[in-house]
Every structure is written in structure tokens, then in C-alpha cells.
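First the structure, in the form of C-alpha cells, and then the observations on it.
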Number of protein chains: 4
Amino acid sequence: MRKRPQQERSQQMVAALIEATALCISKYGLDAVTTPKIAEIAGVSVGSLYQYFDDKQALIEALIENGTHEVVKALQSLITQIESDSLEEIVKQSIQYGFSLLRQSDGLYLEIVKNWHRLPMQKMVDVMQSFSLDFGRLFFTKHYQTHSIQNLHVKFFIIVNSTLFTMMQSMSGQNAMISQDDITNELTDMIVRYLQQEDPKPLVV
Amino acid sequence: MRKRPQQERSQQMVAALIEATALCISKYGLDAVTTPKIAEIAGVSVGSLYQYFDDKQALIEALIENGTHEVVKALQSLITQIESDSLEEIVKQSIQYGFSLLRQSDGLYLEIVKNWHRLPMQKMVDVMQSFSLDFGRLFFTKHYQTHSIQNLHVKFFIIVNSTLFTMMQSMSGQNAMISQDDITNELTDMIVRYLQQEDPKPLVV
Amino acid sequence: MRKRPQQERSQQMVAALIEATALCISKYGLDAVTTPKIAEIAGVSVGSLYQYFDDKQALIEALIENGTHEVVKALQSLITQIESDSLEEIVKQSIQYGFSLLRQSDGLYLEIVKNWHRLPMQKMVDVMQSFSLDFGRLFFTKHYQTHSIQNLHVKFFIIVNSTLFTMMQSMSGQNAMISQDDITNELTDMIVRYLQQEDPKPLVV
Amino acid sequence: MRKRPQQERSQQMVAALIEATALCISKYGLDAVTTPKIAEIAGVSVGSLYQYFDDKQALIEALIENGTHEVVKALQSLITQIESDSLEEIVKQSIQYGFSLLRQSDGLYLEIVKNWHRLPMQKMVDVMQSFSLDFGRLFFTKHYQTHSIQNLHVKFFIIVNSTLFTMMQSMSGQNAMISQDDITNELTDMIVRYLQQEDPKPLVV
DNA sequence: GATGAATGAGCTTTCATTCAT
DNA sequence: AATGAATGAAAGCTCATTCAT
């Protein structure tokens, strides 16, 4: 950020610009986002946009940064909501929560996931990763004190990405025949089985 | 395609253009694909490009179409290579094969997966979906004649997407700490457990 | 014309090209006429087109030249059809004939009149002018031997242009409320009065 | 118009762009009007052109719109200048005025009439039509209260088009032998006779 | 002669960014 | 600080014309 907004008005402006960027992305898609349009929606001049952000990229970074905080809050809110001790319940509710997040803000998050690699997602990735990892450790410590789980960070990397992108794909409209409920149940099933501790059966059938 | 290439030279040109597009995408990224650049790389004039393709989109579609055929061939080649009857072996080899595909052509396929939703992937999706579904049916008919599996198409939708995008993410460089072998093993584990037939244990721990 | 077509096949080709040009103009409009399209419609290669015509312009000139001959024939056919000695009848039939000409060939002539000044019309103008002038002289010599008419060439210049462009405008669709019959009758009335010989009434009312 | 010009400078720019378009058309012809050329002549960048006009077409429309206003003013100015009650005088002066208009602005109006059907002339047509119709009604009410004229709108459609296109043709250089005075006098004669009220003589001579 | 693949200048249009006010 | 007019490089695409086969 080019300039630390020190006055209240400036902070409002920065906030308005980020919000306008979000609106632009969710409404028109990432490709249609232009700085003049953002400024117009924010009710601000382009010049001002460039007073607070080095370039378009910086603006989007700020948006993702903001989004990261929101996601953290969402995750925290999620774990307080979960009361059950059932792994299945926890997973299922998490997935449902994820679907609702992806639908929020007119699909802003969906658009972000779709354009994942074009956006500076590193921080959000890290946060989600470490959050779910912490949660996982907590959970497994609580229920399986005796033996720690191998490769927990790998497992959660896989789970998080599988879930996220499968949800995204299922929401992207091309797969008409599959209901969100089916996705939720089956994803849940997959993850739960994956995380269960007993030795897998011999794999040769 | 605007004009059916009738002479050998034309076919070479069409091929060169598609190849140049592939090169552009894999080398510079999808955003840097411009018709002048493609033409230049193909060693051809812009006009020639438009003799054979209605527009840039058509060129990319042709590339994806080509890719779809290659993927089909790759999948067919894959199933002939698999000798084991072990589900684990099959899954593991498939994933390894997938990784090798994603690395092919200077990462063209990786770039394609990254830009999934900006590309006309419908056909490739269909092909992969139906191929894996057929394969799955075959496999389960062979080994579990007595009971068919519920929601097989949902399961494979989840498996295909989870695997594809998890591999893509793991290859995207941001996750330095996780080895491809770990991903392969854990993904395999997840999928195998998911597809195993016995009733899941009670989920409340 | 670059080359005198001496062989029968060449003449057919020239004819086919001119016809294709006519078709192109009447079907797609003058702006949409492209040499590749003409060649394609003529069933001939672009190269051949340029074997017989220096450039696009030359092709269009040939078309207009052809058209000029057709118009001459049409005019000759017109005067043989006219049996009445009534000036009004002659004018009216001429106008009706003109309307039918403008509608011929899918509106080719209409398109030509619309694009009058972008086309090499000199020859057709001359022919029409001199033809109508001859006819006028003949007519007036027959009926008013005693006194020749002043400014006959000016009068016919005015009459021909007025009629032609008024017809064109009335056919161009924007003047929904005026029927072709009204146009015909009123134009006839105007021309007949104009050509009548008695001294006009004092013009101050 | 894409953007309402809010500052004085912007209005100057819009004006400069329209003027440059006019200059382009009158100097090089409608076909040579390109956005880079217009911008260059206006002393402005292409980008600026597109800040104020959606596209080339919009620019031309604005020019025609401007022209329409000028024509209206010209017509109003014309009727105030006419003092005579003589129909002949009125017509003659109108035609002379028309010639002077067509010559104005380096022949811009002449070029517009030449390219009539390629330009969005509807509004100008309407204005000219209704203006001349109003004037005609007024005139005939004043002088021939007893009987209204049949088909006045048809008559004026014919008169306006005949005059306009005949003038245009006579100015287009191809008709070397006919002086503008001759055109003026004969056109006047034709129109005056046309509008005179007595029953036409029997038309068979 | 005939072909049609190949050319490339040039057009319309967009948009991130700057800078005079 | 704020504005928004102005920029101009660069994109996608067309089509009259040429020339190797």
C-alpha cells in the first residue's frame, strides 16, 4: 500500500475501494474488473485509487487479505458452532458451511476459488492450512491420545484442496446431475473414512 | 475451423498454430496468449492464423480438443499398463500417471488445470468422467458382483476433481513442504478407503 | 481488364465473376463485398479473379458496364412497349418500369443507386442521359414541331435524377407512409406539368 | 455519448472531435474516416476519442445530429429572409440557399448527401420533411384557402428528394455542361408548375 | 493458366496508469 | 489530497493482393 491512511476519510476510501473491487469481481467476473469501474463503483476518482494502491494488483491483494481475515473469522465462528463430537457431524457441517461461504457476497468467494492461481492466495492458503491443522491436532489429541497421526499436514492439504475444488466444480454449473446434498454426503463419507484410525483392510480384493 | 486444410502444408500450419498456442500457454501463461504472439511463434502471419481459425477462442478450443484426444489415449494406455488387481496399485499408478501427464509439454496440462474454468473444458470433463465411470463399473462388477455401489457417478466426480486439483495445487509451488510421493500415497489411501465396500464404522468416536 | 479472354472458358469465368459480384452486392451490400467471397461464389479461385481483373475496382467497373448494357436494352424494350401517345401514359409507364428495374436482381440496381457516387457511374449516366434526351427530342419534334424546347438537356437531367433518387428513397424503407402508387402518380404529375408547353401562369399568386 | 463532458475543456474536445470528423469526411471522403485519423486531426489521442464516444458510429451520429441542428437553423433563417410572396421567388431562393449549404464546410453536406444511405439520416430527414411540410401548409392556407392540396406530404417528399439529389448530382462534377443557374431555374420551374393549383391540361397532346 | 495459402498493413477498441489542475 | 481528462501501447481481427506450386 502506497500510503498509510491516517485519517478517517482515507480509511473509508480504502474500504470503499476494496468493497467495490469485491463487487466488481462477483458481479462481472475477474476478467471484467477495470480500475475505472472500481473507482466509479466506489464513488471515487481513479486518481484516488492510485493514491492508496500502487496498482490494480495491490488492490486485489488487499481484497484477498481482507477475505483472509473474514475466512479466519468464519472458521472461528464455525468451530464454536460445532457442538457434536461426531467426526462425521463436524465434517458435514464444515462442508455445508463452506458451501454457504462460497455462495456469500454474490459468489465472490466462488469466483476467487475459480481464479485461484491468478490471485495472491498464499496467505489465505497458509491460514486455512494452519487453522485446519490446529483443529485437526486438537481433535485427534482429544480422541486418540495414544497415537498421533502420520502426515497430518499432508492429509489436511489433501482434504482442504479436495473439498474446496470439488465444491467449486460442483457449483460451476456444468455438472447438472449432481446435487449439492449428494456432494456433501459423499465428501463427508470420503473424509471420515480417510481420517478413521484403524488399519485399512488389505487392499487386494 | 474456418477452412478445411486441404493440402499437406495447411495441415502442418494448423498443427504449428496449435503447437504454438500450447507453447505460449505453457511458457508464458494463459493471459499472455495473444494472436500476434502465437503467429510469431508458429512462424506465420496473423492473417494465416485467421484463415484456419475463426478466432482466438477457436484456436484454444482446438488445443483443448487435441488435449482431450491425448488424454483419452493416455487413459487407454494407462489401463493397459495396469496389471495388478489391487485397487491400491491401480489408484496409485493412476495418480502417478496423472502427475507425469501434468508435467508433460512443459506444464501445459498443469496450466490448463489451473485455468480450468476459463477454458472450454466440457468435453474433456465428459470424457474423463465417463472413462473413469466405465472403468469403475467394470472394476466393481468384476470384484463385487453381488452389490452395486451407490452414487458411483458422484463418487467419481469427487475423486476425479479431488485428485486433479490436489495434484495441481501441490505442483503449483506454493507448498514447498509436501513431497509428491506423500501426496501420491495419501491420495491413494484416501481414495482406496473411500471405495472400500464394508459399512463404515460408527462415526461417533 | 488485364487480359482479353480469348477462349470460351475464360469468357465464362469473367461472366461468372461479374455475376458473383452482382450477387454479392445485392445479397450482402456493397460494403460486404470481398474478393475472396466473390471468387468463392463464382466457383473460382481468387488468383483467377486477379488474372482477369486488375483489382476489385475493375471488377465492379465491369459489373456496372454490364449493367449499363442491360439498362440500354431495358430502355429500348420500354419504348417499344409504349403505345400510347399520351405524355402522361409514357411517363407513368416509364416510372413503373423504373420501379420494376430497381427491384430486379434482388435489388442490385437499388443498391447501385444507393451507392451511386462510390461507383463508376459515368458511362451509365451518359447513356441514360443521352437516351432520354433522344427520346425527348423525338417526342417533342413529333408533337410540337413548331418550337423546340429550351434547355432540354437540363430538363432531362433534372427529370432523370429526380425520378431515380426519389424512387430510391421511397424504396429505402424509412418512409413508411408513402405508397409506391402515390409516388408514381405524383411524380408523373410533376413531370408532365413540367414538360407541358404553355407559358406558366404568372407566378405571383 | 459515453461521458457527459463536465468541464469546459471536455466540451472543447467533443467539439474538436466532431469537427475533425467533419473535416475528415469533407476532405478525404467517408471511406477514409478512421478513428486514428480523426484523433490526429483533433490533436488528441485515440483513447480520448473513446472517452466521449462509444464508437466511431456514435461520433458520426453526433456529427449528423449537429448538422441537423444547423440545417434547422438554416431553414429558419431561410424563411425569415424570404420576403416575396411569389412562389417562384420562394422556391428559387430556397434552392439557391440549398446550393450554398451544400458548398459550406468544404463540401461536408455534399459528402453527406452523397453517402446518404450509409449514414443515420433519419432524424435529419424527419426534420426537413416536417419543416417543409409545415411551410407548405402555411403557404397554401394563406393563398388558397378554399381548397386544400391533395397528398401534400407525398408532394413534398418528392420535391425535397428531387431537389436535394439533383443538386447533389449537379455538384458532383460529372456533368460539366450544366450550370448551376440552369439547374436552379429549371428546378424552380418544375416545382412551381407542380404546385400550381389549376387542373392540369389534358395530358394527351 | 489456375490455384489458394500466405501475407501484413491497418482498422476499431480497451484500459492501466499518469499528471495538470 | 483529490480529481478525471488524457494517454498510447497493444489487442483482436479483416481483406486486397501476391506468388509458389
Side-chain angles (χ1 to χ4, degrees), chain A residues 3 5-7 9-10 13 31-40 44-57 59, chain B residues 2-14 31-39 42-57 59, chain C residues 3 5-7 9-10 13 31-40 44-57 59, chain D residues 2-3 5-14 31-39 43-57 59:
Chain A
K3 208 177 271 189
Q6 288 158 3
Q7 300 173 2
R9 188 162 172 228
S10 307
M13 202 148 141
D31 290 317
V33 171
T34 69
T35 45
K37 188 138 223 151
I38 290 170
E40 187 201 325
V44 151
S45 70
V46 219
S48 295
L49 188 158
Y50 280 90
Q51 201 107 62
Y52 293 106
F53 297 94
D54 275 340
D55 51 22
K56 201 177 146 185
Q57 185 58 21
L59 188 49
Chain B
R2 185 174 274 187
K3 199 184 272 187
R4 293 266 141 223
Q6 289 162 7
Q7 300 177 358
E8 198 197 347
R9 198 174 168 206
S10 310
Q11 288 171 3
Q12 281 174 13
M13 188 145 149
V14 166
D31 290 317
V33 172
T34 70
T35 45
K37 190 143 220 149
I38 291 170
V44 148
S45 71
V46 219
S48 293
L49 190 159
Y50 282 93
Q51 291 242 334
Y52 296 104
F53 297 94
D54 273 339
D55 50 22
K56 201 178 133 182
Q57 183 59 20
L59 189 49
Chain C
K3 208 177 272 189
Q6 287 159 3
Q7 300 172 1
R9 185 159 175 232
S10 308
M13 203 148 141
D31 290 318
V33 171
T34 69
T35 44
K37 188 141 223 149
I38 290 171
E40 187 200 325
V44 150
S45 70
V46 219
S48 294
L49 189 159
Y50 280 90
Q51 201 106 60
Y52 292 106
F53 296 95
D54 274 340
D55 53 20
K56 202 177 145 184
Q57 184 58 21
L59 188 49
Chain D
R2 185 175 275 189
K3 200 183 275 188
Q6 289 163 6
Q7 300 177 358
E8 198 198 348
R9 195 171 169 210
S10 309
Q11 288 171 2
Q12 282 173 13
M13 187 144 148
V14 166
D31 290 317
V33 172
T34 69
T35 44
K37 192 145 220 149
I38 290 170
V44 147
S45 70
V46 220
S48 294
L49 189 159
Y50 282 92
Q51 292 241 334
Y52 296 104
F53 297 95
D54 273 339
D55 51 22
K56 201 177 134 184
Q57 184 59 19
L59 189 50

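All chains are named by letter (A, B, ...) in the order of the sequence lines, taking the proteins before the strands, and each is independently numbered beginning at 1.
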Quantify the bending of the helix from E:dA2-F:dT21 to E:dT21-F:dA2 as the angle between its end axes, each fitted on five pairs, to 10°. 20°

Could you tell me how far apart C:I38 (CD1) and F:dA16 (C1') are, to the nearest whole angstrom? 11 Å

What nucleic acid atoms does C:S48 come within less than 4.0 Å of, heavy atoms only: base, sugar-phosphate, or nothing? base

A:D55 atom CG is separated from E:dT18 atom C1', nearest whole Å, by 13 Å

Within this structure, what is the OH-to-C1' distance between B:Y52 and F:dG12, rounded to whole angstrom? 20 Å

Please classify the nucleic acid contact of D:T35 as base, sugar-phosphate, or nothing, using heavy-atom distances under 4.0 Å. base

Closest-nucleotide ordering on DNA chain F, the 5'-leading residue of D:G47 and B:K56: D:G47

Could you check which of E:dT3, E:dA6, F:dG12 has an atom nearest any side-chain atom of C:S45? E:dT3

State, to 0.1 Å, how close B:Y50 and B:D55 come at their nearest heavy-atom pair, and which atoms those are. CE2-CA, 3.8 Å

More 5' along DNA chain F: C:V33 or B:V46, using each one's nearest nucleotide? B:V46

Residues in side chain to side chain donor-acceptor pair (under 3.5 Å) with B:S48, at least two apart? B:S45

Gap between atoms OH and C1', on A:Y50 and E:dA16 respectively (whole Å): 4 Å

Could you tell me whether B:P36 contacts a base, only the sugar-phosphate backbone, or nothing, with contacts defined as non-hydrogen atoms closer than 4.0 Å? sugar-phosphate

Going by the rule side-chain contact (heavy atoms from CB on, under 4.5 Å), which residues pair with A:K56 if we only count those two or more places apart in sequence or in a different chain? A:V33, A:T35

To the nearest angstrom, how far is C:Q51 atom CD from F:dT17 atom P? 15 Å

Just compare F:dT17, E:dT7, E:dA2 and give me whichever is closest to any side-chain atom of B:V44. E:dT7

For the CG atom of D:D54 and the CG atom of D:L59, what is their distance to the nearest 0.5 Å? 11.0 Å

Quickly work out the D:F53 CZ to E:dT14 C1' distance and round it to whole Å. 18 Å

For the atom pair CG (B:L49) and CE (B:M13), what is the distance rounded to the nearest 0.5 Å? 7.5 Å

Give the rounded distance in Å between these two atoms: CG of D:L59 and P of E:dC11. 15 Å

Only counting residues at least two apart or in another chain, list the ones meeting side chain to side chain donor-acceptor pair (under 3.5 Å) with B:Q57. B:E61

Rounded distance in Å - CG (A:L49) to C1' (E:dA16): 10 Å

